[in-house]
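The block underneath contains the structure these notes are about, expressed in structure tokens.
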Amino acid sequence: VQLQAFGGGLVQARGSLRLSCTASGFKFSDFGLGWFRQAPEKERVFVAAISRNGEKTSYTDSVRGRFAVSRDNSKNTVYLQLNSLKPEDTARYYCAADYYGEAGRFGYDYWGQGTLVTVSS
């Protein structure tokens with residue numbers, strides 16, 4: 001099982017990035033997918049999630065309206081579009097898979113290694 005996230009980088013405030021996470025080793029369409037982030041010296045927290053068929057999404061309050069999660073089951077890939085970025089969005093972003101998950105915040109089974117997003121002011 002492998003989840004590989006990429007697309008992070010350095011961006012100025014109010015800029016945009018698109019993160020991608022490609023999965024292998026399991027049946028992608030059986031899993032809800034989530035994004036989490038961990039800022040320096042802070043705990044990892046939930047950011048966004050999407051259900052198995054993509055019809056249901058959820059977001060933490062601080063990113064709702066700025067970030068958008070989507071998935072392409074034909075490519076075994078989940079995306080996180082980050083818009084209107086703020087310095088406080090700086091963190092390592094992780095993707096995770098939840099067996100039969102429906103865009104929840106807990107209970108994830110597999111985790112990727114993360115990709116670093118740095119937002120400069």
Side-chain angles (χ1 to χ4, degrees):
V1 172
Q2 189 172 20
L3 289 163
Q4 188 166 5
F6 52 95
L10 175 63
V11 62
Q12 290 186 332
R14 296 178 297 280
S16 297
L17 281 175
R18 188 173 83 155
L19 307 183
S20 302
C21 175
T22 301
S24 61
F26 61 93
K27 188 175 180 182
F28 189 74
S29 59
D30 280 351
F31 286 75
L33 280 301
W35 287 95
F36 296 76
R37 67 185 181 186
Q38 186 169 19
E41 301 182 359
K42 293 188 177 181
E43 294 185 353
R44 187 166 58 189
V45 297
F46 171 81
V47 175
I50 189 166
S51 60
R52 290 173 291 147
N53 62 7
E55 292 184 355
K56 181 180 178 181
T57 59
S58 62
Y59 298 91
T60 193
D61 287 347
S62 62
V63 309
R64 188 175 292 111
R66 299 190 296 122
F67 292 7
V69 59
S70 60
R71 64 188 293 164
D72 185 339
N73 285 353
S74 70
K75 296 181 179 180
N76 283 10
T77 300
V78 59
Y79 304 96
L80 186 66
Q81 178 68 40
L82 291 66
N83 298 322
S84 302
L85 282 161
K86 304 175 181 180
E88 52 263 44
D89 294 318
T90 294
R92 181 168 292 278
Y93 284 71
Y94 298 86
C95 58
D98 175 18
Y99 184 59
Y100 265 71
E102 293 299 321
R105 298 180 177 227
F106 306 101
Y108 282 78
D109 303 289
Y110 304 130
W111 293 83
Q113 86 290 354
T115 185
L116 183 63
V117 173
T118 303
V119 184
S120 63
S121 59

Do [X] and [Y] come close enough that some side-chain heavy atom pair is under 4.5 Å?
X: Cys21; Y: Gln4; value: no
X: Arg92; Y: Gln113; value: no
X: Ser84; Y: Arg66; value: yes

Heavy-atom pair with the smallest gap, counting every atom of [X] and [Y]:
X: Ser29; Y: Asn73; result: CB-ND2, 3.8 Å
X: Ala5; Y: Cys95; result: CB-SG, 4.1 Å
X: Val117; Y: Gly8; result: CG2-CA, 4.1 Å

Do [X] and [Y] sit in one hydrophobic cluster, given that two such residues count as connected whenever their side-chain heavy atoms are within less than 4.5 Å of each other, even indirectly?
X: Tyr99; Y: Leu33; result: yes
X: Tyr108; Y: Leu19; result: no
X: Trp35; Y: Tyr59; result: yes
X: Val63; Y: Val11; result: yes
X: Leu80; Y: Tyr94; result: no

Any chance you could lay out the side-chain contact (heavy atoms from CB on, under 4.5 Å) test for Phe67 and Leu85, step after step, and finish with the verdict?
CA-CA 9 Å; Phe67 292 7; Leu85 282 161; 4.0 Å; yes

Go through Phe26 and Tyr110 one step at a time and tell me if the ring-ring contact (aromatic ring centres under 6.0 Å, His included) criterion holds.
CA-CA 10 Å; Phe26 61 93; Tyr110 304 130; 5.4 Å; yes

Whether Arg18 engages the ring of Tyr79 as a cation-pi pair (distance to the six-membered ring centre under 6.0 angstrom, angle to the ring normal within 45°) should be assessed.
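Pair Arg18/Tyr79 counts as cation-pi.
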
Is there a donor-acceptor pair closer than 3.5 Å between any side-chain N or O of [X] and the backbone N or O of [Y]?
X: Arg71; Y: Phe28; answer: yes
X: Asp30; Y: Tyr100; answer: no
X: Thr118; Y: Thr90; answer: no

For Thr22, what residues pass the side-chain contact (heavy atoms from CB on, under 4.5 Å) criterion, not counting sequence neighbours?
Phe6, Thr77

Pairs under 3.5 angstrom only: tabulate donor-acceptor contacts from the side chains of residues 36-47 to other protein residues two or more places apart or in another chain.
from  : atom 1 : to    : atom 2 : distance (Å)
Arg37 : NH1    : Asp89 : OD1    : 2.9
Arg37 : NH1    : Tyr93 : OH     : 2.8
Gln38 : NE2    : Lys42 : O      : 3.0

If I take atom [atom1] from residue [X] and atom [atom2] from residue [Y], how far apart are they, to the nearest 0.5 angstrom?
X: Ile50; Y: Glu102; atom1: CD1; atom2: CD; value: 10.5 Å
X: Asp72; Y: Ser20; atom1: CG; atom2: OG; value: 10.5 Å
X: Ser70; Y: Gln81; atom1: OG; atom2: CD; value: 8.0 Å

Atom CZ of Arg14: over 12 foreign heavy atoms under 6.0 Å:
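Atom CZ in Arg14 is not packed in, count stays at 12 or less.
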
For Phe31 and Asp109, what are the C-alpha separation, side-chain angles and deciding distance, and is it a side-chain contact (heavy atoms from CB on, under 4.5 Å)?
CA-CA 9 Å; Phe31 286 75; Asp109 303 289; 4.3 Å; yes

